[in-house]
Structure formats: structure tokens, C-alpha cells
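Read through the structure below, which is laid out as C-alpha cells, and then see the notes.
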Amino acid sequence: MTWETAPPYQKESDLMSESTSAPQPADAGDGRVPVTVLTGFLGSGKTTLVNRILTEQHGLRIAVIENEFGEVGIDDALVLDAEEEIFEMNNGCICCTVRGDLIRILGALMRKRDRFDHILIETTGLADPAPVAQTFFMDDEIAAQLRLDAIVTLVDAAHVLRHLDEEKPEGVENEAVEQIAFADRVVLNKTDLVRQETIDEVVSRIRAVNAPVEIIPARHAEIDLRRVLDVGAFDLDRVLKDDPAFLTETEHQHDSTVTSVGIDVPGEVDEDRLNRWLGNLLRTRGADIFRSKGILAIEGEPRQYVFQGVHMLLDGEFGRDWRENEARRNRLVFIGRNLDREALERAFADCLTTVGTAA
Amino acid sequence: MSGITSADLDTAWDVAVDDAPVALSAQGDLVAVAGAEGTVWVLDMATGATTRALDLPGGLLDVALAPDARHLAAAGPFGHALWRRDDGLTTVSDTGAWSSRATWADEGRVAITSGRRALVLDSDGGELWSTEPAASTVTDVAWMRNGRRLAVAAYGAVRCYERHSRTPVVTYPYVGSHLALAISSTGRWICSGNQDASIHIWRTRDGSELTMSGYPEKVSRLAFDDTGTWLAADGAPDVTVWDFSGKGPAGTAPRSLSAHETITALTWRPGSAGHLASGGHDGTIALWHATSGLPKARLRPARTMDGGAAVTALTWAGRDLLIAAHRDGRVRAHRLPHRARL
């Protein structure tokens with residue numbers, strides 16, 4: 001026997017349509033602690049990179065949450081072990097799946113008096129990045145104090161092609177593809193162990209899945225840490241400035257069911273139509289859309305609307321003002337499974353207030 | 001008297017500890033304050049003077065004095081510890097397992113969460129029995145039936161155990177993660193606050209269920225009053241208070257207590273008067289006639305106090321004293337002017 005009773009508040013779990021896709025006031029310089037999520041297969045060099053982050057003189061007080069036992073004991077850093085605990089929700093929505101271990105550990109960290117400058121979460125080789133990322137959207141206590149800065153995926157240049165090509169049973173995602181799809185930064189490690197043709201091939205395969213991702217070549221995980229720590233990877237403006245061409249590249253050397261679709265159109269969008277479309281898109285296709293990001297020009301709004309999402313969850317806010325001589329335009333990217341570029345372009349064009357400017 | 005806006009409420013004492021407190025416990029003539037970094041300060045309830053300090057390496061998440069104040073249990077991310085008042089002996093169990101909750105059944109037995117298990121220990125830390133591993137780290141435990149039955153909350157179910165059996169005597173399954181447990185003193189209701197922003201309720205008599213969903217945030221604090229008829233919960237800016245009298249809260253609306261932006265503590269005053277204390281992230285403490293008015297009523301606090309830094313824990317020491325801990329290390333005892341009124 002199950003009873004039902006009136007909820008005391010309006011339910012927010014069917015949140016994608018209204019509440020979260022509605023532009024929110026800017027939250028610039030909000031003082032939240034940046035969190036870097038480090039993914040990558042066993043042997044890709046995660047431990048080497050973590051040890052470098054812990055030992056290098058960067059002056060940051062860092063807390064590291066590891067999912068695999070390491071042997072690090074470093075002054076001024078806190079290293080905690082976590083065993084992956086995946087929490088699904090009663091509503092059965094995969095997009096509400098979060099990492100209970102992280103909620104618990106991050107919650108305890110936040111209760112300490114001394115604040116950390118940065119938090120690094122190292123996941124297991126086979127971990128699904130989605131619940132990790134979703135934790136930062138779904139848990140209000142965490143979202144209020146911590147900011148997901150970037151998902152950094154380490155890739156072993158010598159072995160990644162084999163992992164990418166691995167056939168998986170129906171309905172099971174290839175973890176290597178998934179980790180690349182979710183990444184804001186890919187550290188292409190062990191480039192000294194392979195020939196240039198292999199590197200080119202790997203880069204092209206990574207781009208086929210995740211066109212806008214910044215790829216950082218490395219040996220022995222030696223990279224400028226400023227490129228992976230507190231980078232504001234969700235600052236799409238920067239990414240797009242570096243390489244605006246990726247958005248409309250449609251050539252892929254390999255057939256991949258996980259691809260990126262970029263949209264770059266001038267003009268302004270109607271806020272209501274945008275919310276309806278984006279809400280509906282993520283509600284119906286969110287399971288297949290791993291990441292979404294965008295910088296949009298909303299009609300009548302002096303500031304840029306910046307959003308980023310993981311599956312069905314979307315976080316949007318107004319960013320900087322459009323500059324005086326800057327053309328108002330809209331740039332979006334979706335990374336996901338079986339994306340229909342034409343349909344996405346057409347649907348977005350319907351959100352524009354200036355008819356005829358879209359493709 | 002620092003920072004008190006309701007000047008008619010006396011501060012019995014006001015002390016500072018050198019850490020951010022995470023939990024409080026008051027029994028007999030003692031108050032225990034757990035600091036996040038791992039120190040427990042044992043204070044004299046009458047004066048606030050520190051009588052003893054002990055450490056649990058790796059930090060603290062909870063502390064609980066035994067009902068006779070002769071023992072204390074402390075729980076933290078890397079294990080648990082027991083302290084004996086008579087000779088000051090501290091027994092640290094460096095289990096490496098996450099322990100977030102300790103709760104005494106009586107003077108001689110305490111339940112402590114330990115990783116995916118719950119342990120029942122004697123007052124010196126000897127293990128009496130333990131549960132089988134749960135599906136996740138155990139989040140909360142609560143005693144039932146005068147300490148004969150232990151309810152254990154983790155991902156996927158609340159399970160009840162008794163000493164004679166390692167497997168549960170009753171399982172209340174649920175798809176989702178329970179963060180906190182509250183069980184009515186009548187034994188009629190088991191309630192869990194959940195990560196999915198709901199309260200789930202089981203009627204123990206027949207296992208029938210009720211979900212109160214629609215909270216804007218996860219529900220991580222909930223408590224029954226002494227009579228077992230009123231349940232207070234967080235999960236929203238307002239504290240919600242549900243009436244469990246008669247057939248329970250099915251189809252009813254709660255009272256809402258509006259004083260904080262973010263609730264960080266709530267605790268019922270001992271007794272049957274429906275007096276509740278709540279604390280907020282903004283440092284305010286509010287006292288409530290939480291059961292007055294009609295269902296759906298939005299109540300205003302009977303008193304508020306501005307304590308400065310965020311409230312991290314509240315506990316009553318009898319009916320006379322409300323102990324409040326703040327993030328900056330302040331611990332204050334507020335004296336209520338009357339044993340039966342707010």
C-alpha cells in the first residue's frame with residue numbers, strides 16, 4: 001500500500017524545462033572552491049599527474065579524493081580514499097544518479113574551518129564521469145560551496161586506440177569514449193612512446209568525439225598545471241576564441257556514434273522559445289547528450305547568457321556584457337550519441353528572433 | 001551576551017573552542033563539543049569550562065555522551081573512539097572506516113556506524129555485535145523497542161537488526177539514498193530524509209509507505225518530538241512540521257517555520273509542549289511553538305537570536321538550557337526563562 005500526499009513545495013525534479021534552463025543572475029567571483037575531476041584508464045598516468053600536483057610548488061592548499069589507493073603523504077595536502085558509491089533516485093532517471101561517496105566526503109571537507117584552495121577528484125579507470133559531474137548539479141549543499149572547474153581526461157597515446165575500438169555489448173557504453181566525451185581537457189600522455197602518425201590518429205579520433213576539447217600533449221604527465229587547475233573550463237568563450245572553427249566542422253574520419261555538433265549563428269534568441277526548446281531537448285534526449293555548452297545572445301539582454309550541462313542537468317547564468325562592437329551571436333555545442341546535426345540546427349534557428357540569418 | 005537580539009534570554013555561558021564544531025551532545029552535568037579536525041572538548045554544563053579534551057585522529061563527524069554521562073562515543077572519517085570518565089581512558093579504533101553517527105541505547109551500549117556496517121559496542125568499546133554490510137556506507141542508525149532493535153539507514157533500504165541475527169529482522173526497501181533517520185517514540189513510524197529531496201515514511205505495523213516529495217533540497221535533518229506525534233525536517237528554507245497523530249500525515253499539509261535561508265540544525269525541546277529550536281547558516285537561532293496554529297500555517301518564531309557565525313549544532317541540556325555551536329568556534333548556553341514556556 002502506498003499513500004500519496006500533497007507536496008509542501010512545487011516539485012523541482014522535472015526541473016530541466018523551467019527552473020534550471022531559465023537564465024539566472026550572474027554569480028561571478030562567487031568564492032566557491034574549484035574542483036577538478038581527473039578521469040582516465042588505469043595506466044594513463046593519473047597517479048603520476050596527481051603526485052605532480054601534490055608535490056609541485058604551486059602554493060595551493062589542495063584536497064585530493066582518490067578512488068584508488070595511492071601511497072602519497074604530502075604536507076599541506078589532504079588525501080582521502082573513497083570507494084565509489086553510485087546513488088540512483090527513486091524516479092529512475094539516470095541523470096539524477098550521483099556519487100554518494102563524494103557527497104559524504106565533500107560535505108565533511110566543507111565543515112572544516114580551514115578552506116582548501118582546490119579539490120581534486122581522481123576517479124577509477126572505468127568510472128562513469130556522469131554521476132561525478134551530476135553530483136555538482138544535483139546536491140545543493142555542494143553546489144553552493146563548490147564549483148566544478150573542469151573534467152580532465154588522461155589518455156595513453158599508445159593504448160587509447162585499442163580502448164576506443166573495443167566492441168561493447170548492446171547498451172553498454174565504451175568507457176574510453178565516454179571519458180573523452182565528458183572531458184574539458186584531454187592530456188594526451190606518453191607521446192614519447194608512439195610515432196607522430198599515431199598521435200595524429202589519436203587526436204583525430206578524440207576530435208571526432210569531442211570537437212571543442214583542448215588537447216594537451218605530454219610525456220610522463222608533465223604539463224603546465226595552470227592548464228588543468230582552475231581553468232574555468234566552462235568559460236566557453238575562451239575555448240571558442242582559441243578555435244572557433246570546430247563548431248561547424250562536419251568531417252569525421254571515423255564513424256563514431258558519439259560526436260559533437262556545434263552551432264554558430266549570428267542574431268538573438270527569444271528567451272521563451274529557447275527555454276522551451278532546450279528544456280524539451282534535454283528532457284527527451286538528455287540520456288544521449290553527455291555535455292552541452294553555449295554562449296547565447298538573448299533578445300533585450302545586455303549580457304551574454306552562458307550555460308553548460310551534463311545530460312539533462314543544465315546550469316545557466318548571465319556572463320559578461322556584450323562589447324560595443326561585438327556582433328551578437330550564438331555558439332552552442334552538444335556532445336553525445338547519435339546526434340542529428342540538421343535537426344539541432346533547424347530547431348535552434350526557430351529560437352532566433354531574426355528570421356533568415358540562420359543556415 | 002554578545003550578539004543576542006532578544007535581550008530577555010540569558011546566556012548562561014559563552015566559550016570558544018579552537019576549531020569548527022560539527023556536533024554537540026549534552027547529558028548529566030557535561031556538554032561535549034566535537035571539532036571537525038578531531039578534538040572533543042568536554043565542558044562542564046554549569047560553567048562551560050573545559051574539563052577534558054581528547055582527540056580522534058583524522059577528524060570528527062559526531063559525538064554522543066552516554067545517558068549517565070560516564071562515557072562518550074566519538075565518530076569520524078577514519079574510525080571511532082570511546083572515552084571513560086572515571087579514569088579518562090580513551091580507546092581509539094583506527095578502523096579506517098567512515099563513522100558518521102553514534103547513538104546510545106542505554107548506559108551500557110552504543111551503536112556506531114562504521115563503513116558499511118553498524119557496530120554495537122559496550123561502554124568501553126568492546127564489540128557486542130555488528131550488522132552485515134549494507135549496500136553503501138551507513139548514514140544513520142536509531143534504536144527501537146527500548147534498545148532491542150537497531151534501525152540502520154544506507155542506500156536502498158532501512159534495515160532493522162537484533163542481536164541474535166546478522167541478517168535483518170525487517171527490511172524496508174527504497175530506491176534511493178537515506179541520509180537521516182527518525183523513529184517515533186511510539187514505535188509506530190520510521191522516517192528517512194533522503195538525497196532525492198523527499199521524506200519516506202513506513203508504518204511499522206504493516207510496512208505501509210508514504211512519500212513526502214517535492215522538497216527543494218535533500219532532507220538531511222529530521223526529528224520527532226518526545227511524544228512521537230510531530231516530525232520536523234529541513235530540505236527547504238522553512239522547517240516543515242508534520243502531524244503524525246491519528247492515522248498519520250497522509251493527505252495533510254505541514255506547518256512551515258520561516259526564519260532561515262538555510263537550515264543547519266534543528267532539535268525539539270524535551271517534553272510535550274511542541275517547542276523546537278532551529279539554527280541557520282546565517283547564524284540565527286530561532287525558537288518555535290512549532291505545533292501551534294493550523295496545518296499549512298506559516299509560523300513566525302517565538303524568539304530569534306543572532307549568534308554571528310553559522311550555527312553548526314544545537315542541543316538541549318534538559319529543558320532549561322539550549323546549547324548552540326557556531327562555525328567560528330563559539331559555544332553558548334542560552335538559559336530559557338521558564339521550564340514550560342519559551
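Note: hydrogens, waters and symmetry copies are ignored here, and every other heavy atom, side chains too, is used. What you see is a predicted model; the values in this text were computed from it and never measured. To find a chain, count down the sequence lines: A is the first, B the second, and so on, and within it residues start at 1.
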Checklist line | Backbone of A:E88 reached by a side-chain donor or acceptor of B:Y155 within 3.5 Å | finding: yes

Margin query: Please determine whether the number of non-hydrogen atoms from other residues, nucleotides or ligands lying under 6.0 Å from atom CD of A:E56 exceeds 12.
Written below: yes

State, to 0.1 Å, how close [X] and [Y] come at their nearest heavy-atom pair, and which atoms those are.
X      : Y      : answer
A:A108 : B:L61  : CB-CD2, 3.8 Å
A:K112 : B:R327 : O-NH2, 2.5 Å
A:R113 : B:D18  : NH2-OD1, 2.9 Å

Checklist line | Trace of the side chain to side chain contact (heavy atoms under 4.5 Å, CB included) decision for B:W98 with A:I105 | finding: CA-CA 9 Å; B:W98 187 273; A:I105 292 169; 3.8 Å; yes

Margin query: Side chains of A:R111 and B:T312 only: does a donor on one sit below 3.5 Å from an acceptor on the other?
Written below: no

Margin query: Can you tell me which portion of A:I103 sits under 4.5 Å from chain B's heavy atoms? Options are side chain, backbone, both or neither.
Written below: side chain

Next item on the list: Please look at A:E85 and chain B and tell me whether the side chain, the backbone, both or neither of the residue comes under 4.5 angstrom of a heavy atom of that chain.
Entry: side chain

Next item on the list: Find the distance between CD (A:E83) and OG1 (B:T137) and round it off to the nearest 0.5 Å.
Entry: 7.0 Å

Item checked: B:N194 side, atom CG; A:F87 side, atom CZ - distance, nearest 0.5 Å -> 11.0 Å

Check: Which one, B:E37, B:H281, B:K296, B:H200, leads in non-hydrogen pairs under 4.5 Å with chain A?
Finding: B:E37

Next item on the list: Flag the one option from B:P21, B:S136, B:G35 with the top tally of heavy-atom pairs under 4.5 Å to chain A.
Entry: B:S136

Next item on the list: Answer yes or no: is there a side-chain heavy-atom contact under 4.5 Å between B:K218 and A:D140?
Entry: no

Next item on the list: Using the side chain to side chain contact (heavy atoms under 4.5 Å, CB included) rule, take B:Q195 and A:M89 through it: C-alpha gap first, then chi angles, then the decisive distance, then the call.
Entry: CA-CA 8 Å; B:Q195 180 73 36; A:M89 299 292 155; 3.6 Å; yes

